[in-house]
Asker: 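For reference, the structure I am asking about is given below.
FYI, side chains are in, hydrogens and waters are out, and symmetry mates aren't considered; it's all heavy atoms of this structure.
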Amino acid sequence: MAEYTNLEKIRLEKIQKLREDGIEPYPNRAERTHTSKQAIRAFEKSEKERLEEPLTVTIAGRLRSIRPMGRIIFAHIEDGEGHIQLFFRENDLGKESLKFFNKWFDLGDFIQARGTLFRTRTGEVTLRVQEYEMLVKAITPLPAAKDEVIDGDIVRHATLADPETRYRQRYADLAVNPDVREVFRKRAAILRALREFFDERGFLEVETPILQPIYGGAAARPFITHHNQLKQDLYLRISFELYLKRLLVGNLERVYEIGRDFRNEGFSYKHNPEFTQLEFYWAYADYFQVMTLTEEMIGFVAERVLGEKILTFQGNRINLKAPWQRIELRQGLIDVVGVDIKEHLSADSLRAVMKAKDMEPSPIATRGKLIDSMVGTYLEPTLIQPTFVYNYPRDISPLAKSIPGDHWTVERFEGFIGGMELCNAFTELNDPLDQESRFLEMGRDYNADDEERHPMDEDYLQALRYGMPPTGGFGMGIDRLVMLLTDQHSIRDVILFPHLRNRED
RNA sequence: GGGCGCGUAGCUCAAUGGUAGAGCAGUGGCCUUUUAAGCCAUUGGUUGCAGGUUCGAUCCCUGUCGCGCUCACCA
């Protein structure tokens, strides 16, 4: 049972009294002829055409401010597209009707109003209300103190700022913070642009299983669930990779999927346990071609969403125009920490030189993990402008193809923007025998009970034995791309309902 | 998981080892073109939760819950 605050009790009482008077505070049906924006546009058009007849419209929305001034009342309502001012006048409505509004309506209620449009002395297009009706009585007041209209924009004073409430009650956050709505509109535009980009280039959008008997394609701990009838444990996917590549075996030469991945790991400003991923696989391409396509893709999305390839992220001006900077991983680490990984082909040797350079290498990490941690700690934060780091260590890339003649390195790159890893791609390993030995290698590098261990996927190997064309593959966290294009510091600000701990107090 | 910080009215924030205050919102009144409208009056709090120290705790201490930052973790 909800416990009501005093403010809520007052509104509950209003609901009861309205019903006693035969007025339904939650009517089944509403009516509107114009949104706020449409109404204003229609009025401006009629002004231009010098129409004599006043324009009559019915609008509906949430009451965001009320300014009673005796026998008149000004109010603003907000709908999905904007806001518009209502003008209630005793001369138009009669004494009772004006009083009724004053008495029973509160900020946050939904109202439907019919009337004619005019311009006030201050020039604002306003609805002169002739009839109005309550659509919804809000019980809880919106967590915002007051609105001010400056140059036609609503400015909110003392608006909801507490991050916890904003994430837990996203509905309230959205209702009260228009820029939050804007972030999610942009997110939708980004997804639309990505689909357009791949559709235009002959990529087929597909859907692969989220519930998987064997997880794979990434190093991450999975969520485990259970199918009752099958009496079988299933995993929520940690990547799409192994299923999408099966499709290339099946002669679908260009595929992509946009969907949710789940990783049972800690969260941070750039990690949420479920997140949206884009992966694509492109037959007869290699990782350098994928790099070029990546530049095009990100540029295309930015054009669509921002109108240009320049953006500001956390105070940095970022230029997305191709070509992006390309740094070979080995050279990047030589430049940043002065370590040449080619001279340290064992984990122990690498650990020794890292210690000598005052780093604190993990005592159990593999060579590849040590290299990756140096990249993450020293190189990644410096990569503000779009950069591809390429040629990664083999032992952390079990699904990527080796560089011919180089046992230690694979054809793989990661893309960084704004000091943040954005995407990961490689020339896909399509040699089933090599793949099998890589799986076995991984099995040796991890303990049997380590959930990050890459499990052997026999069916995937079977697929490869039929033959997978040479392929370039790519994965990107969409949430991070949205962060970048909307200048949001935290992944929680680009996910509508980010995961938070349960409250038990 | 570790470290640091935060949690006070519906919202945004103050405050003190002596029992909590402002603006807005709310309530009552005045006001027929306002723009954070204005003016007068007024209600509102188990200070996240549970303990402890103290004559007395919102403040000090311990634990706990949640959030934030950070480190670890994160092919």
Asker: Look at the side-chain N and O atoms of A:Lys270 and state whether any lies under 4.0 Å from the OP1 or OP2 oxygen of B:C73.
Answerer: no

Asker: State whether A:Asp106 and A:Lys14 are salt-bridged, where the test is any N-O pair (Lys NZ or Arg NE/NH1/NH2 against Asp/Glu carboxylate O) under 4.0 Å.
Answerer: yes

Asker: Going by purine N1 to pyrimidine N3 plus the second Watson-Crick contact, or the G-U wobble pair, all under 3.5 Å, which nucleotide sits opposite B:U53?
Answerer: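 In the structure as shown, B:U53 has no Watson-Crick or wobble partner.
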
Asker: Is A:Arg480 salt-bridged to A:Asp493, cutoff N-O under 4.0 Å?
Answerer: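 The answer is no: the pair does not qualify as a salt bridge.
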
Asker: Need to verify one output field. Residue with the more 5' nearest nucleotide on RNA chain B, A:Ala75 or A:Pro141?
Answerer: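 Whichever sits nearer the 5' end wins; that is A:Pro141.
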
Asker: Mind checking who B:A20 pairs with, Watson-Crick or G-U wobble, both distances under 3.5 Å?
Answerer: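 Partner of B:A20: none.
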
Asker: When the distance from CZ of A:Arg121 to C1' of B:U33 is rounded to whole Å, what number comes out?
Answerer: 5 Å

Asker: Can you see if the side chain of A:Lys369 gets near the phosphate of B:C73 - specifically, an N or O under 4.0 Å from OP1 or OP2?
Answerer: no

Asker: So if I apply the ring-ring contact (aromatic ring centres under 6.0 Å, His included) rule between A:Tyr390 and each of A:Phe413, A:Trp324, A:Phe416, A:Phe288, which one comes out positive?
Answerer: A:Phe288

Asker: NA contact type, A:Glu414, heavy-atom cut-off 4.0 Å: base, sugar-phosphate, or nothing?
Answerer: sugar-phosphate

Asker: Ring-plane angle category for A:Tyr132 and A:Phe100, please: parallel below 30°, perpendicular beyond 60°, tilted otherwise.
Answerer: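 Correct class here is tilted.
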
Asker: Can you tell me the base-pairing partner of B:C31? Count Watson-Crick or G-U wobble geometry only, both distances below 3.5 Å, and say none if there is no partner.
Answerer: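 In the structure as shown, B:C31 has no Watson-Crick or wobble partner.
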
Asker: May I ask you to check if A:Arg170 and A:Phe497 form a cation-pi contact, with NZ or CZ under 6.0 angstrom from the six-membered ring centre and within 45° of the axis?
Answerer: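 No - A:Arg170 does not lie over the ring of A:Phe497 by the 6.0 Å and 45° rule.
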
Asker: Look through every strand shown and name the nucleotide pairing with B:C74 as Watson-Crick or G-U wobble, where both distances are under 3.5 Å.
Answerer: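 Partner of B:C74: none found under 3.5 Å.
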
Asker: With syn defined as a glycosidic angle within 90° of 0 and anti as everything else, classify B:U19.
Answerer: syn

Asker: May I have the distance from A:Asp106 (atom CG) to B:C24 (atom C1'), rounded to whole angstrom?
Answerer: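 Answer to the nearest Å: 15 Å.
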
Asker: Using Watson-Crick or G-U wobble geometry with both distances under 3.5 Å, which nucleotide pairs with B:C6?
Answerer: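 Partner of B:C6: B:G66.
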
Asker: May I ask you to say what A:Ile10 touches in the nucleic acid, namely base, sugar-phosphate or nothing, with a heavy-atom cut-off under 4.0 Å?
Answerer: sugar-phosphate

Asker: Would you say B:G68 has OP1 or OP2 under 4.0 Å from some side-chain N or O of A:Arg492?
Answerer: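 For B:G68, OP1/OP2 do have a side-chain N/O of A:Arg492 under 4.0 Å.
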
Asker: Respond yes when some side-chain nitrogen or oxygen of A:Arg501 is under 4.0 Å from OP1 or OP2 of B:C65, and no when none is.
Answerer: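 A:Arg501 to B:C65 OP1/OP2: no side-chain N or O under 4.0 Å.
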
Asker: With both distances kept under 3.5 Å, what pairs with B:A14, Watson-Crick or G-U wobble?
Answerer: none

Asker: Would you kindly compare A:Gly70 and A:Thr165 by the position of their nearest RNA chain B nucleotide and give the one closer to the 5′ end?
Answerer: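 By nearest-heavy-atom nucleotide position, the 5'-most residue is A:Thr165.
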
Asker: Does B:U32 have OP1 or OP2 sitting under 4.0 Å from an N or O in the side chain of A:Arg71?
Answerer: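 Affirmative; the distance criterion is met.
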
Asker: With sugar-phosphate meaning primed atoms plus P, OP1 and OP2, does A:Tyr167 contact a base, only sugar-phosphate, or nothing at under 4.0 Å between heavy atoms?
Answerer: sugar-phosphate

Asker: Would you say A:Arg11 reaches B:U27's phosphate, i.e. side-chain N/O to OP1/OP2 under 4.0 Å?
Answerer: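 Negative; the distance criterion is not met.
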
